[in-house]
Amino acid sequence: MRGRFITFEGPEGCGKSTQVRRLMARLAAEGLQVISAREPGGTPTGEIIRDILQNDLTKEAICPETEVLLFAASRAQIVRHRIEPALQAGTWVVCDRFMDSTTAYQGYGRGFDVERMIEINAFAVGKTVPDLTFLLDLDVDTSLTRMRARNAGRNQVQDRFEREERGFHARVRNGYLVMAQRWPERFRVIPGDRAEDAVAADIWRAVAALRGQAA
Ligand code: TYD
């Protein structure tokens with residue numbers, strides 16, 4: 001039986017990484033084969049693309065068009081080298097960000113044509129579309145507060161997206177909510193401003209329902 005493909009999306013500080021870890025542990029405890037991946041990255045090529053996009057590897061300003069295509073290139077690579085082979089082998093895949101991040105950040109956030117972002121995503125992923133996408137939703141002020149606290153705690157500098165103005169983050173958040181309405185069969189909106197356990201419980205309920213469905 002084909003594995004299931006679950007993605008996590010949301011604004012900065014929404015708690016995705018924690019929930020990805022918790023879901024992975026729970027699926028493994030149920031005896032399922034499961035792998036996780038993060039975007040951009042997850043393959044040798046993808047990790048270099050990650051360094052270009054997030055760690056200023058080339059020391060060259062990345063133009064917005066290039067940014068879209070680099071995200072798409074990293075995604076095309078991980079889909080064909082890791083995600084699709086795993087799914088075909090019956091392994092579940094949990095991804096921390098996937099194609100909807102491009103629609104939200106480059107489309108709604110940066111202002112590129114949203115339908116064009118969706119087309120580029122479709123080219124990159126082919127038929128490998130998530131079965132379930134959790135949108136961990138958070139209002140912009142909470143998101144920015146959490147992001148700043150996280151960076152201060154780690155003594156970390158902000159990456160290119162974190163440096164964006166408040167309006168950018170507001171557009172990303174609203175874009176995600178529009179997408180969740182557009183594809184309700186796949187999206188589940190989970191309020192992220194709650195205790196970790198409560199968020200995890202909502203996620204597990206939706207995953208249990210997915211498990212119940214025939215492949
Ligand atoms: P990451 O370190 O994964 O941060 P987070 O914990 O917020 O997921 O950084 C990913 C950043 O890249 C994040 O700010 C969102 C952005 N991004 C895009 O703009 N477009 C994309 O297609 C993807 C995958 C990420």
Side-chain angles (χ1 to χ4, degrees), residues 1-44 46-47 50 54 74-102 104 121 125-138 142-143 146-147 149-151 153-154 156 176-177 179-180 183-215:
M1 189 171 97
R2 184 177 169 84
R4 301 293 194 188
F5 183 21
I6 301 173
T7 60
F8 282 77
E9 298 281 353
E12 314 295 322
C14 68
K16 281 183 295 94
S17 313
T18 305
Q19 295 297 336
V20 166
R21 264 198 310 278
R22 289 183 66 139
L23 178 60
M24 292 290 295
R26 188 136 188 205
L27 289 170
E30 298 268 320
L32 290 164
Q33 291 290 330
V34 54
I35 61 167
S36 67
R38 68 171 181 180
E39 280 230 328
T43 62
E47 289 296 323
R50 184 182 184 87
Q54 278 172 253
S74 171
R75 185 164 303 135
Q77 195 74 5
I78 197 173
V79 161
R80 285 162 192 81
H81 282 191
R82 286 195 62 210
I83 296 176
E84 189 53 39
L87 293 171
Q88 284 183 16
T91 300
W92 287 47
V93 178
V94 180
C95 216
D96 190 341
R97 297 198 182 282
F98 194 59
M99 58 191 205
D100 302 307
S101 281
T102 297
N121 281 333
V125 309
K127 291 193 164 56
T128 312
V129 174
D131 298 299
L132 200 55
T133 298
F134 290 109
L135 168 55
L136 303 193
D137 182 45
L138 207 55
T142 310
S143 161
R146 283 194 189 176
M147 180 176 84
R150 179 181 68 185
N151 289 341
R154 290 187 199 153
Q156 214 173 3
Y176 269 131
L177 290 172
M179 291 157 72
W183 296 292
E185 65 294 342
R186 167 165 76 85
F187 267 91
R188 300 289 176 275
V189 182
I190 311 276
D193 191 13
R194 294 178 301 153
E196 216 184 283
D197 285 350
V199 174
D202 282 359
I203 290 170
W204 188 249
R205 250 192 306 280
V207 170
L210 179 70
R211 268 189 89 177
Q213 289 169 15

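Worth knowing before you read on, the calculation uses all heavy atoms, side chains too, and leaves out hydrogens, waters and symmetry mates.
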Is a side-chain donor or acceptor of [X] paired with a backbone partner of [Y] at a separation under 3.5 angstrom?
X    : Y    : answer
R186 : V129 : no
R2   : G90  : no
D131 : F5   : yes
E196 : T18  : no
S143 : G13  : no
R194 : P191 : yes
T43  : Q77  : no
R4   : L132 : no

So if I apply the side-chain contact (heavy atoms from CB on, under 4.5 Å) rule between V189 and each of T133, L136, D137, which one comes out positive? D137

Nearest-0.5 Å distance that lies between atom CG in D100 and atom CG in L135: 9.0 Å

Interatomic distance, OG1@T142 vs CG@D193, rounded to 0.5 Å, equals 4.5 Å

Chi angles and distances behind the side chain to side chain contact (heavy atoms under 4.5 Å, CB included) call for I6, I203: CA-CA 11 Å; I6 301 173; I203 290 170; over 6 Å; no

Nearest atoms (heavy-atom pairs only) where [X] meets [Y]:
X    : Y    : value
K16  : C14  : CG-SG, 3.3 Å
L32  : W92  : CD2-NE1, 3.8 Å
C95  : E39  : SG-CG, 4.3 Å
A37  : I78  : CB-CD1, 3.6 Å
G41  : S74  : N-OG, 3.1 Å
Y176 : S101 : OH-OG, 3.3 Å

Hey, does [Y] have a side-chain heavy atom less than 4.5 Å from the side chain of [X]?
X    : Y    : result
R97  : R38  : no
N121 : R75  : yes
F8   : L23  : yes
V93  : R82  : no
V207 : L27  : yes
E9   : F98  : yes
W183 : P130 : no
D96  : S36  : no

Please walk me through it: do D197 and R22 pass salt bridge (Lys or Arg N to Asp or Glu O under 4.0 Å)? CA-CA 10 Å; D197 285 350; R22 289 183 66 139; 2.9 Å; yes

Is it true that D202 and R188 have a side-chain N and a carboxylate O under 4.0 angstrom from each other? no

Could you go through the salt bridge (Lys or Arg N to Asp or Glu O under 4.0 Å) check for E84 and K127 one step at a time? CA-CA 9 Å; E84 189 53 39; K127 291 193 164 56; over 6 Å; no

Counting neighbours of CD on Q33 that are heavy atoms of other residues, nucleotides or ligands and sit closer than 6.0 Å, is the number greater than 12? no

